[in-house]
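Written out below as structure tokens is the structure these notes cover.
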There are 2 protein chains.
Amino acid sequence: MVSIVSVAKAAGVSNKTVSRVINGEPHVTEDTRERVEKAIRDLGYIPNMAARQIRSSRSNTFGIITDYVSTTPYSVDIVRGIQDWANTHGKSILMANTGGLPEREAEIWKMFQSHRIDGVLYVTMYHRVVDPEAGDVSIPTVMINCRPQTSELLPSIEPDDFQGARDLTRYLLERGHRRIGYIRLNPILLGAELRLDAFRRTVKEFGLAESDLSIRLGMEGPVGAEENYVFAAATEMLQQKDRPTAIMSGNDEMAIQIYIAALTLGLRIPQDVSIVGFDDFRTVSLALKPELTTAALPYYDLGFQGAEWLNSVIAEEKVRASRRVISCKLVDRTSVCSVKPPE
Amino acid sequence: MVSIVSVAKAAGVSNKTVSRVINGEPHVTEDTRERVEKAIRDLGYIPNMAARQIRSSRSNTFGIITDYVSTTPYSVDIVRGIQDWANTHGKSILMANTGGLPEREAEIWKMFQSHRIDGVLYVTMYHRVVDPEAGDVSIPTVMINCRPQTSELLPSIEPDDFQGARDLTRYLLERGHRRIGYIRLNPILLGAELRLDAFRRTVKEFGLAESDLSIRLGMEGPVGAEENYVFAAATEMLQQKDRPTAIMSGNDEMAIQIYIAALTLGLRIPQDVSIVGFDDFRTVSLALKPELTTAALPYYDLGFQGAEWLNSVIAEEKVRASRRVISCKLVDRTSVCSVKPPE
DNA sequence: CAAGGGAATGACAACGTCGACATTTTTGAT
DNA sequence: ATCAAAAATGTCGACGTTGTCATTCCCTTG
């Protein structure tokens with residue numbers, strides 16, 4: 001393998017000079033620099049990160065740990081965001097997936113340490129504690145899309161589910177909807193509670209009574225094997241005498257079933273029922289006709305900013321635990337229409 | 001940082017002996033081994049991959065290059081398959097995304113070489129040539145879910161779109177369907193042609209005439225910004241006098257629109273129209289009611305076997321180009337019903 | 001008890017890079 | 001032309017590991 005030494009030989013200079021050129025250090029004549037650069041090109045030399053790291057004890061590599069995230073299609077954008085930041089800042093990404101198995105997670109931390117990664121991005125779907133294995137070693141860590149259960153041990157960055165759901169609720173209220181259905185997300189998801197809470201509060205602030213609301217559980221159980229009540233719940237909800245004029249869906253995916261339930265009952269969307277989703281999972285929200293009005297989860301930004309944050313945590317060499325929240329943008333499409341105020 | 005030297009000191013042996021213990025080499029007394037292992041535990045020693053690599057010029061790391069794959073939610077399973085194989089075989093995964101930009105791809109190859117990765121898994125959605133930048137350097141590479149355009153330069157592993165579509169077509173024919181609609185995938189996708197071809201041939205073998213078929217283009221244009229004709233095409237197709245009794249959808253995602261079109265026209269699924277998808281993108285296929293009969297793309301296996309293959313290519317140190325194909329499993333759900341044969 | 005042989009252990013160098021420091025060359029002011 | 005300061009370049013060692021080869025130890029055999 002061509003090393004710095006061969007380049008030095010070819011260019012007729014010392015290794016150190018080559019090193020200087022590679023790292024853009026000063027104190028090199030323009031002439032020498034060019035000669036070295038030519039030698040580098042000719043020999044196809046590429047610096048050896050391992051050797052570099054062994055000297056500097058900096059690997060310029062971030063680790064990503066995911067649990068089921070890579071299973072849930074929406075959140076690939078988190079990873080894309082991280083990659084984009086890393087790529088444009090000369091960092092590499094080492095990636096591993098726990099599949100939810102604690103023993104595998106322990107292995108992964110070990111593997112990461114063994115690569116002497118500079119920091120970890122811990123990406124999960126759940127509100128959970130980072131494995132002690134992790135906490136012991138003081139690798140800078142930023143949690144993305146989740147938060148440490150044990151108070152504020154680690155920095156975390158999350159979507160603002162509350163704000164997203166509040167905006168969506170207001171959106172419906174402003175358009176005259178007064179009987180609103182709500183089909184709940186699987187309660188094990190961190191967002192479930194936040195969204196429902198936002199819905200309840202916003203609606204109450206506006207003066208609606210509990211009896212104007214139809215709230216149903218859409219799903220429950222472990223990820224990948226959940227019980228699915230959405231279709232049944234939506235059907236039942238829409239057959240009520242005073243059926244809701246609008247339904248908020250826990251997420252976009254569940255909205256598919258609500259659409260089908262409504263259409264099967266012969267209801268038109270949005271004239272007879274308006275529907276809003278959550279996530280802006282475009283595979284779904286754009287496939288539905290009429291296209292789904294929803295709140296976009298800022299997955300890409302979560303990843304991008306998470307990586308950026310991790311980098312600064314590493315630079316400052318102290319982990320300032322705190323929580324950041326990124327807002328969800330309301331995406332206004334065509335699944336909602338206005339309702340005449342009651343005479 | 002605690003190194004092999006500190007362990008040796010603590011255990012009162014030479015570094016080499018510690019090295020022997022770590023790598024499970026013979027010629028170490030049980031007694032010594034235990035003493036060393038204790039020292040390792042006490043000090044929390046973790047081997048330094050970079051140093052190891054510098055000696056052995058083996059990084060035990062695979063690189064994954066993706067283009068838009070990580071954007072398309074279905075294919076995250078490829079990555080999961082790779083990770084699972086890697087994890088259970090002591091390999092690490094370095095990951096990068098081109099976003100379709102050739103210049104970034106070049107950078108990524110450089111980054112990979114700089115980490116001296118052992119091999120590359122090239123994962124894309126398209127039928128395309130690997131960048132010359134890649135071909136020059138002789139890093140063992142396996143292509144997943146795509147194939148090199150220039151004949152058989154590199155090993156590739158793909159889903160058997162043809163077989164999947166043939167099985168699905170037969171499935172419909174066996175259930176008495178004789179007028180069948182087909183809504184085509186975006187032609188830039190490798191699978192589009194294969195699936196349509198399989199459909200056409202199977203139907204012809206069976207003796208149907210071209211006039212029994214309604215074939216429409218569902219989407220076209222660049223990924224992420226495609227024109228979407230599915231809903232319109234399905235609506236039009238289902239309004240024909242002799243409307244199809246079954247529709248094959250280019251993929252599951254497009255089936256959403258077909259469902260909605262059918263329901264909006266007051267047709268029942270499957271009694272009035274049967275529908276089949278492709279991919280088994282469970283987020284969709286299980287959300288649709290009735291649940292969608294479809295052909296499961298073997299994404300996980302593609303990744304898992306791709307990694308395994310790459311490993312053997314590395315071991316043999318010669319790249320035997322060839323193509324492997326993994327079959328698609330038909331997933332029989334409830335979106336199809338039998339049709340009485342014409343009297 | 002000596003010799004021989006294998007098992008256990010150790011000393012040392014080398015991998016590729018860069019930091020600390022040393023040396024040489026150039027520059028500029030006198 | 002002289003000399004000091006600055007710039008350019010070089011030497012050397014260390015990072016953590018393991019391969020090569022040497023050394024020490026213990027056991028077997030005669």
Side-chain angles (χ1 to χ4, degrees), chain A residues 1-40 43-61 90 92 110-118, chain B residues 1-40 43-61 90 92 110-118:
Chain A
M1 189 88 260
V2 33
S3 80
I4 219 173
V5 183
S6 18
V7 174
K9 216 168 286 173
V13 297
S14 75
N15 342 359
K16 182 65 219 197
T17 302
V18 177
S19 170
R20 273 190 267 261
V21 171
I22 295 167
N23 298 292
E25 286 170 30
H27 305 308
V28 182
T29 331
E30 198 46 44
D31 176 55
T32 315
R33 183 180 305 277
E34 272 163 23
R35 233 171 44 249
V36 171
E37 274 164 357
K38 180 168 174 350
I40 289 177
L43 274 61
Y45 165 77
I46 295 184
N48 183 328
M49 285 310 230
R52 196 173 271 185
Q53 175 196 144
I54 232 181
R55 281 263 10 177
S56 61
S57 58
R58 266 303 200 85
S59 61
N60 280 310
T61 301
S92 306
K110 220 160 217 166
M111 186 263 280
F112 279 176
Q113 287 180 267
S114 157
H115 281 280
R116 303 294 191 265
I117 56 166
D118 298 334
Chain B
M1 190 88 261
V2 33
S3 80
I4 218 172
V5 183
S6 17
V7 175
K9 216 167 287 174
V13 297
S14 76
N15 342 357
K16 182 64 220 198
T17 301
V18 177
S19 171
R20 273 191 266 260
V21 171
I22 296 166
N23 297 293
E25 286 170 30
H27 304 309
V28 181
T29 331
E30 197 47 44
D31 175 57
T32 315
R33 184 180 304 277
E34 272 164 23
R35 232 170 47 245
V36 171
E37 273 164 357
K38 180 169 176 345
I40 289 177
L43 274 60
Y45 165 77
I46 294 183
N48 184 327
M49 286 309 224
R52 194 172 273 184
Q53 177 196 142
I54 232 180
R55 283 265 8 178
S56 62
S57 58
R58 265 302 199 86
S59 60
N60 279 310
T61 301
S92 306
K110 221 161 216 166
M111 186 264 279
F112 280 176
Q113 288 181 266
S114 151
H115 281 279
R116 304 294 191 264
I117 55 167
D118 298 333

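Residue numbers begin at 1 in each chain, while the letters A, B, ... track the order of the sequences. Reckoned from all heavy atoms, side chains included, excluding hydrogens, waters and symmetry mates.
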Report the distance from atom CZ of R55(B) to atom C1' of dA13(C), rounded to the nearest whole Å. 8 Å
Classify the nucleic acid contact of S56(A) as base, sugar-phosphate or nothing, counting any heavy atom under 4.0 Å across all strands shown. nothing
For atom CG of N48(A) and atom P of dC15(C), their distance in whole Å: 12 Å
Provide, to the nearest angstrom, the distance between the CD atom belonging to E30(A) and the C1' atom belonging to dT26(C). 17 Å
Just how far, in rounded Å, is C1' of dA20(C) from NE2 of H27(A)? 14 Å
Please report the shortest heavy-atom distance between M111(B) and S92(A), naming the atom on each side. SD-OG, 3.3 Å
Whole Å only: how far is the CZ atom of R58(A) from the P atom of dG19(C)? 13 Å
Any base atoms under 4.0 Å from P47(A), or only sugar-phosphate, or nothing? Heavy atoms, all strands. sugar-phosphate
Does R20(A) use its side chain to pair, donor to acceptor, with the backbone of E25(A) at less than 3.5 Å? no
Shortest non-hydrogen separation from V2(A) to Y45(A) and the atoms involved: O-CD1, 3.4 Å
Residue whose closest nucleotide on DNA chain C lies nearer the 5' end, M49(A) versus K16(B): K16(B)
Side chains of I4(B) and I22(B) in contact at under 4.5 Å (non-hydrogen atoms): yes
Could you tell me the separation between the CG atom of N60(A) and the P atom of dT17(C), rounded to a whole number of Å? 15 Å
Expressed as a whole number of angstroms, how long is the span from N15(B):CG to dA11(C):P? 8 Å
Run the numbers on R33(A) and E30(A) for side chain to side chain contact (heavy atoms under 4.5 Å, CB included), then give the verdict. CA-CA 5 Å; R33(A) 183 180 305 277; E30(A) 198 46 44; 4.1 Å; yes
When the nearest nucleotide of DNA chain C is assigned to R52(A) and to R20(B) on a heavy-atom basis, which residue is associated with the more 5' position? R20(B)
Whole angstrom value for the distance that separates C1' of dG19(C) from CG of N23(A): 11 Å
Tell me if a side-chain donor or acceptor on S56(A) pairs with a main-chain N or O of R52(A) at a distance below 3.5 Å. yes
Students often get this wrong, so: under 4.0 angstrom with heavy atoms, is S57(B) touching a base, only sugar-phosphate, or nothing? nothing
Using the heavy-atom set of chain A and a strict 4.0 Å cut-off, write down the first and last nucleotide of DNA chain D that makes it in, 5' to 3'. dA7(D) to dG16(D)
Chi angles and distances behind the side chain to side chain contact (heavy atoms under 4.5 Å, CB included) call for R116(B), I46(A): CA-CA 9 Å; R116(B) 304 294 191 264; I46(A) 295 184; 4.2 Å; yes
